[in-house]
**Student:** 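Here it is, the structure, as structure tokens.
Bear in mind that the values here come from a model prediction, so they are computed numbers and not experimental data. Only this structure's heavy atoms are used, side chains among them; waters, hydrogens and symmetry mates stay out. Chain A is the first sequence line, chain B the second, and so forth, proteins listed ahead of strands; every chain is numbered from 1.
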There are 2 protein chains.
Amino acid sequence: MNEFTNYVSKIIELDTKAQSEFDLKIKTAEFKKGQFIVSEQSICRNIYYLKLGIIKFYFINAEGKEVIFRFFTEQSLFTSLESFILQKPTAHMMLTLEPVIVEYISKQDLDELCAKHHSISKLNTYMLSMAATNMIRRFSELMSDRSSARYNNFVLENSQLMQRISLGDLANYLGITQVSLSRIRAAK
Amino acid sequence: MNEFTNYVSKIIELDTKAQSEFDLKIKTAEFKKGQFIVSEQSICRNIYYLKLGIIKFYFINAEGKEVIFRFFTEQSLFTSLESFILQKPTAHMMLTLEPVIVEYISKQDLDELCAKHHSISKLNTYMLSMAATNMIRRFSELMSDRSSARYNNFVLENSQLMQRISLGDLANYLGITQVSLSRIRAAK
DNA sequence: ATAATTATTTATCATTTGTTAAAGGATATA
DNA sequence: TATATCCTTTAACAAATGATAAATAATTAT
């Protein structure tokens, strides 16, 4: 059984038939560091399960600056949601920060399975719920504290992740410049 | 037929039986200006359709300041999503800024209808998709421009709404203080 | 209408953050 | 090892924003 199937089975109980049909649709792909899994203007046709590596989910804003929605690490699901739902070109990119192995299912296959199996429809609902609540939390986090507090909080809650991302990327995630982040770090 | 039912029928085609069962579950409520439809620490048990009025969806951040997710106006769906999904107390409030009339369906009723009718399950999927993509857009908007540009943009795209909300609320929505917004307005 | 309350603007000063440039470290490549 | 490249820090200055208080305008209540 694929890791993706195993992962979702622990979240939503899938009946045997639904599970095996889901598992059959899973494909695997590998990427080198610095490659786009979803590039600008492409259509995101899949939901991905991240087996290995780390991914930066971001866009370039009106001032030409990089804004990071979030990072994804092992054992997480991701997709460029707006593009995935409407199957139209995305402005939101998925870039590998390390060598990456993913498993994925296409929207078409997932839609077909949703129509066929109620348990997979429930899985789909769960994945959308997580996408929505994660964005709500991300927005709240960004609006909740001054940047120094956001930095301290990030270090506390993501000590492992700190070792895998650059301070430049962290600054963008926190919504400040790298110079500003250096100042915050120096001020301790 | 309730306005809520009519509204969703235009988005997702519901078979006759699903539609009438959905319609039977809809309830109505009225609120005066300045009342909470969802108050802090309460559990949000419903999805609402806003028939009349305007609502502020917000929370109080770690520094004690009000942060506005968004405003809702007539003919829109809303719920305090995290609380609704997990049925746990919310930190996100829904406050009426005008007299309000809503129609709503409970989570329990909706879940039952989802299990029974695939078309309603699709409706549920649609509503979650919108919640997620709306938050993605809101986040992007907030991170895309300097505050003066965000203000100009808001005025352009929400000229009707401008007449119904206070500048203090608008400032909070834009992520700045009211004093700062006054400066931006004066600088024109 | 008058008073009281609330909303908005203006002014002043302090703080934060951005910008630019340069310097120092670290890492990768030949 | 030496060189080049990338990442991070530091410094100096400018711009934006916050905090506070006071003044003005608008709204609500008596």
Side-chain angles (χ1 to χ4, degrees), chain A residues 32-36 53-56 58 60-68 71 95-99 141-155 158-188, chain B residues 31-35 53-54 56 58 60-68 71 95-99 141-155 158-159 161-188:
Chain A
K32 292 176 193 159
K33 175 178 172 174
Q35 283 192 304
F36 286 101
I54 180 166
I55 285 160
K56 173 165 78 172
Y58 73 103
I60 305 298
N61 76 7
E63 293 167 301
K65 284 172 194 158
E66 188 175 300
V67 178
I68 298 180
F71 304 100
L95 179 67
T96 63
L97 300 181
E98 291 177 1
E141 170 194 81
L142 194 72
M143 300 296 279
S144 268
D145 270 312
R146 49 187 66 262
S147 55
S148 58
R150 290 205 299 281
Y151 168 73
N152 291 326
N153 205 47
F154 187 94
V155 172
N158 302 86
S159 51
Q160 7 53 283
L161 191 55
M162 279 294 291
Q163 268 110 48
R164 299 171 77 182
I165 61 174
S166 72
L167 291 172
D169 279 342
L170 176 54
N172 287 341
Y173 179 87
L174 297 173
I176 56 178
T177 61
Q178 180 166 358
V179 173
S180 187
L181 176 57
S182 266
R183 271 192 292 239
I184 289 167
R185 285 161 59 86
K188 300 229 46 173
Chain B
F31 297 86
K32 291 176 194 159
K33 174 176 173 175
Q35 283 192 304
I54 178 166
K56 174 166 78 171
Y58 73 103
I60 305 298
N61 77 8
E63 292 168 300
K65 284 174 194 157
E66 187 175 301
V67 178
I68 298 180
F71 304 100
L95 179 68
T96 64
L97 300 181
E98 290 175 3
E141 170 194 81
L142 194 72
M143 300 296 277
S144 268
D145 269 312
R146 49 188 66 263
S147 55
S148 59
R150 290 206 298 282
Y151 168 73
N152 291 326
N153 205 48
F154 187 93
V155 173
N158 303 86
S159 51
L161 191 55
M162 278 295 291
Q163 268 111 49
R164 300 172 74 183
I165 61 176
S166 73
L167 291 172
D169 280 343
L170 176 54
N172 288 342
Y173 179 87
L174 296 173
I176 57 179
T177 61
Q178 181 166 357
V179 174
S180 186
L181 176 58
S182 265
R183 271 192 290 241
I184 289 166
R185 284 160 59 84
K188 298 234 35 176

**Student:** Report yes or no: does B/T96 contribute a side-chain atom to a donor-acceptor pair with the main-chain N or O of B/Q35 at less than 3.5 Å?
**Tutor:**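 Answer holds: yes.
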**Student:** Closest to the B/R185 side chain: D/dT10, C/dT9, D/dA19?
**Tutor:**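 Nearest nucleotide to the side chain: C/dT9.
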**Student:** Could you tell me whether the phosphate oxygens of D/dG18, OP1 or OP2, come under 4.0 Å of any side-chain nitrogen or oxygen in B/S180?
**Tutor:**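 Looking at the OP1 and OP2 atoms of D/dG18, one of them is under 4.0 Å from a side-chain N or O of B/S180.
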**Student:** Report yes if a donor N or O on one partner sits less than 3.5 Å from an acceptor N or O on the other, where the partners are the side chain of B/R146 and the base of C/dG18; otherwise report no.
**Tutor:**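 Counting by modelled atom types and ignoring angles, no donor-acceptor contact under 3.5 Å is found here.
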**Student:** Let me spell it out: for each of B/V179 and A/T177, pick the nucleotide of DNA chain C with the closest heavy atom. Which residue's pick is nearer the 5' end?
**Tutor:**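 Looking at DNA chain C, the more 5' nearest nucleotide goes with B/V179.
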**Student:** If the test is side-chain hydrogen bond (donor to acceptor under 3.5 Å, both in side chains), which one of B/R164, B/K33, B/K32 qualifies with B/E98?
**Tutor:**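 Considering B/R164, B/K33, B/K32, a side-chain hydrogen bond (donor to acceptor under 3.5 Å, both in side chains) with B/E98 is found only for B/R164.
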**Student:** When the distance from CD1 of B/I184 to P of D/dG18 is rounded to whole Å, what number comes out?
**Tutor:**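 It is 9 Å, rounded to the nearest whole Å.
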**Student:** Quickly, which of B/F154, B/Y58, B/Y151 forms a ring pair (Phe, Tyr, Trp, His ring centres under 6.0 Å) with B/Y173? Name it, please.
**Tutor:**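 Result: among B/F154, B/Y58, B/Y151, B/F154 is the only option passing the ring pair (Phe, Tyr, Trp, His ring centres under 6.0 Å) with B/Y173.
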**Student:** Does some side-chain heavy atom of A/N158 sit less than 4.5 Å from a side-chain heavy atom of A/I165?
**Tutor:**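 The answer is no; the side chains never approach within 4.5 Å.
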**Student:** Could you please name the option among C/dT10, C/dT8, D/dT9 that lies closest to any side-chain atom of B/Q178?
**Tutor:**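 The answer is C/dT8, which lies nearest to the side chain.
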**Student:** Taking only side-chain N and O atoms of A/K65, does any of them lie within less than 4.0 angstrom of OP1 or OP2 on C/dT19?
**Tutor:**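 So the side-chain polar atoms of A/K65 do come within 4.0 Å of the phosphate oxygens OP1 or OP2 of C/dT19, strictly under.
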**Student:** What is the distance from OH of A/Y151 to P of D/dT8, rounded to the nearest Å?
**Tutor:**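 Answer to the nearest Å: 11 Å.
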**Student:** Let me know the distance between CD of A/Q163 and P of D/dT8, rounded to the nearest Å.
**Tutor:**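 In whole Å, D/dT8 P and A/Q163 CD are 13 Å from each other.
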**Student:** Of the listed nucleotides (C/dT10, D/dT8, C/dT19), which one gets closest to any side-chain atom of B/A186?
**Tutor:**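 Looking only at heavy atoms from C-beta outward on B/A186, the closest nucleotide is C/dT10.
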**Student:** I want to check one thing: is the phosphate of C/dT8, taken as OP1 and OP2, less than 4.0 Å away from some side-chain N or O of B/S182?
**Tutor:**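 False: B/S182 side-chain N/O out of range (4.0 Å or more) of C/dT8 OP1/OP2.
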**Student:** Distance check needed: C/dT6 P versus B/L97 CG, whole Å only.
**Tutor:**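 In whole Å, C/dT6 P and B/L97 CG are 16 Å from each other.
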**Student:** What integer distance in Å separates B/L167:CG from D/dA26:C1'?
**Tutor:**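 Atom CG in B/L167 sits about 12 Å away from atom C1' in D/dA26.
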**Student:** Measure from CZ on B/R183 to C1' on D/dA15 and round the result to the nearest Å.
**Tutor:**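 For the pair B/R183 CZ and D/dA15 C1', the rounded distance is 11 Å.
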**Student:** Starting from P on D/dT27, measure out to CD1 on B/I165 and report it in whole angstrom.
**Tutor:**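 Interatomic distance, CD1 of B/I165 to P of D/dT27: 16 Å.
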**Student:** Taking the side chain as every heavy atom from C-beta outward, state whether B/E66 and B/I60 have any atom pair closer than 4.5 Å.
**Tutor:**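 With C-beta onward as the side chain, the pair touches.
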**Student:** Quick one: A/D145 CG to D/dG18 P, roughly how many Å, whole number?
**Tutor:**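 To the nearest whole Å, that distance equals 15 Å.
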**Student:** Given D/dT17, is OP1 or OP2 found less than 4.0 Å from the side-chain N or O atoms of B/S147?
**Tutor:**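 Yes, such a contact exists.
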**Student:** Phosphate oxygens OP1/OP2 of C/dA28: is one of them under 4.0 Å from a side-chain N or O of A/K33?
**Tutor:**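 A/K33 to C/dA28 OP1/OP2: no side-chain N or O under 4.0 Å.
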